[in-house]
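Beneath this line is the structure, given in structure tokens, with notes to follow.
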Amino acid sequence: MQLHWHRDDLRVADNLALSTATDRAAERGPVAPVFVFDDDVLAHGSPNRVAFMLDALSQLREAYRDRGSDLLVRHGDPREVLPALATELGAVSVTWAEGYSGLANERDAAVRQRLDAVDVARESVTDALHHEPGSITTNDGDPYSVYTYFWKKWRDRPKADPVDAPEAGALADAADLPDPEPLPTLADLGFAEPTATIQPAGTEAARDRVTAFCDGPVYDYAERRDYPADGCTSRLSADLKWGTIGIREVYEETAAAADLADSESDRESVQEFQSQLAWREFYHHVLFFNPEVVSANYKEYEHPIEWRNDPAELQAWKDGETGYPIVDAGMRQLREEGYMHNRVRMIVASFLTKDLLVDWREGYAHFREHLVDHDTANDNGGWQWAASTGTDAQPYFRIFNPMTQGERYDPDAEYITEYVPELRDADPSLIHGWHEASELMREQGAPEYARPIVDHGERREQALAMFKSARGEE
DNA sequence: CTAACGTTAAT
DNA sequence: TTAACGTTA
């Protein structure tokens, strides 16, 4: 018998760690899959994300049952649970897919030690990225801290093909496994019911999303991906976070779409999407080589940044009550769906850090609380980018103008009015010009909607001064 | 060989 | 402004 420990690889197909084990079933015995509910990890969970995870787990269990096997579930510390289960089942080895954050790797190292102590083998398998940290470096061999050159190397490197789901015969027969425990409910795990409506999880749903995306929207992606009302993004972020679909399978679908493209611009559009897959890997590399960035600035300033951190303004941002329509729409989408369109994520992040002058860690924590697709590497990379504390130096100061962003990317205020009902009867020109509209215009157009809590022009100057002094220039 | 400098482009 | 690269000294 062998064990495969599922973590954020909740699928049977295109799963390299699982396949590594099942390929050796003839010598080492069939593979029993297990998932461990770990309180230390759940402590960082949230109703939205854990609800998605439970859905994914239930689909995963079905996939195993279809193959005559079953998914074991245990609750506890993996350092205790896995050696005990391996001993109970007489397993000779345990596989799992490598993580990329410092905390996960510390825990995994401890699990490995405990397995060593009971003479159970463990083989290291990398699965979640096309190109592992260390495999794409500058010509001097250093990890990249700017994206562009990373992308060129990532793009030109050959990609592995997906691997098939294991044969049923390589999996442990359900009859030879301990009686299955039911999956816990959210309440069992101590979470409230999610307030958001969450998209269906599991490999089938993820494959449907890939197919639908590659069937058309991918060709508009380059041109339309920044328009939140358009819906031509892949919506795969949560699937990639939980590994309900393999990264090789996703890439293969996009490559097939590129082959079917009937113009150069369509092909380029597919490549624009592939570039987003590369961003994900770039930020995983950054986190792997700089595990401290989860809580520290990547970029070092001469002096600490003197964030303003006003609690009332932070709360207004969380509540979607800032009086800046595109910001409020995004923050309300986050509450309602556990999701936010990527362009809008950048806008609300810029607003929190540059208009409200609140530390990016507050924003990161709020995203972690609500996003179904929250991923340490991606979210940290995105927040630090917006906060000007991350990778990727820029010539001008990265301060978005929330009015310009709204006008440019949601000209008809379609996205805004979907999430901010107080503005439904208002003219788009009033919505975009809300910050400079007269009180009379506001009363007539949208009496219920919040008044702007800050003046963007003033706050922009304050933000510039805050960074100037952090740089030691004043 | 390395250090210095100019070029490029940045979601 | 800055990282990375390529070229030059």
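Model, not experiment: these values are computed from the prediction. Numbered from 1 within each chain, the chains take letters A, B, ... in sequence-line order.
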Seminar exercise, completed: Taken to the nearest whole Å, CG/A/Asp226 to P/B/dT11 is 13 Å

Problem set entry | Spacing between A/Phe282 atom CZ and C/dA3 atom P, to the nearest angstrom | 12 Å

Exercise. So, A/His284 versus A/Tyr100, ring centres under 6.0 angstrom or not?
Worked result: yes

Problem set entry | Whole-Å distance separating the CD1 atom of A/Ile136 from the P atom of C/dA3 | 20 Å

Exercise. Is there a donor N/O on one and an acceptor N/O on the other, under 3.5 Å, for the side chain of A/Arg225 and the base of B/dT11?
Worked result: yes

Exercise. Does a sphere of radius 6.0 Å around CD in A/Glu448 hold more than 12 heavy atoms from other residues, nucleotides or ligands, not counting ones at 6.0 Å or beyond?
Worked result: no

Exercise. Just checking A/Asp142: base, sugar-phosphate only, or nothing, at a heavy-atom cut-off of under 4.0 Å?
Worked result: nothing

Exercise. Once you round it to whole Å, what is the distance between P of C/dT1 and CD of A/Glu300?
Worked result: 20 Å

Exercise. In whole Å, what is the span from the OH atom of A/Tyr221 to the P atom of B/dT11?
Worked result: 14 Å

Problem set entry | Per-nucleotide protein contact string for nucleotides 4-9 of chain C (B base, S sugar-phosphate only, - none; heavy atom under 4.0 Å) | BSS---

For this session: State yes or no: are the ring centers of A/His130 and A/Tyr251 separated by less than 6.0 Å?
Result: yes

Seminar exercise, completed: Residues at least two apart in sequence or cross-chain that pass side chain to side chain contact (heavy atoms under 4.5 Å, CB included) with A/Arg408, listed by chain then number, are A/Thr404, A/Gln405

Exercise. Looking only at side chains, do A/Tyr324 and A/Asp355 share a donor and an acceptor under 3.5 Å apart?
Worked result: no

Exercise. Separation of A/Leu464 atom CG from C/dT1 atom C1', in whole Å?
Worked result: 14 Å

Problem set entry | Residues A/Arg207, A/Glu253: salt bridge by 4.0 Å N-O rule | no

Exercise. Contact class for A/Trp279 (heavy atom, under 4.0 Å): base, sugar-phosphate, or nothing?
Worked result: base

For this session: Round to a whole Å and report the spacing from OH of A/Tyr298 to P of C/dT1.
Result: 20 Å

Exercise. Counting any heavy atom closer than 4.0 Å, what does A/Gln276 reach on the DNA or RNA strands: base, sugar-phosphate only, or nothing?
Worked result: base

Exercise. How would you list all residue pairs meeting salt bridge (charged side-chain N to carboxylate O under 4.0 Å, His left out) that involve residues 363-378 of chain A, not counting sequence neighbours?
Worked result: A/Arg345-A/Asp373

Problem set entry | Atom pair distance, as rounded to whole Å: CZ in A/Phe400 and P in B/dT11 | 10 Å

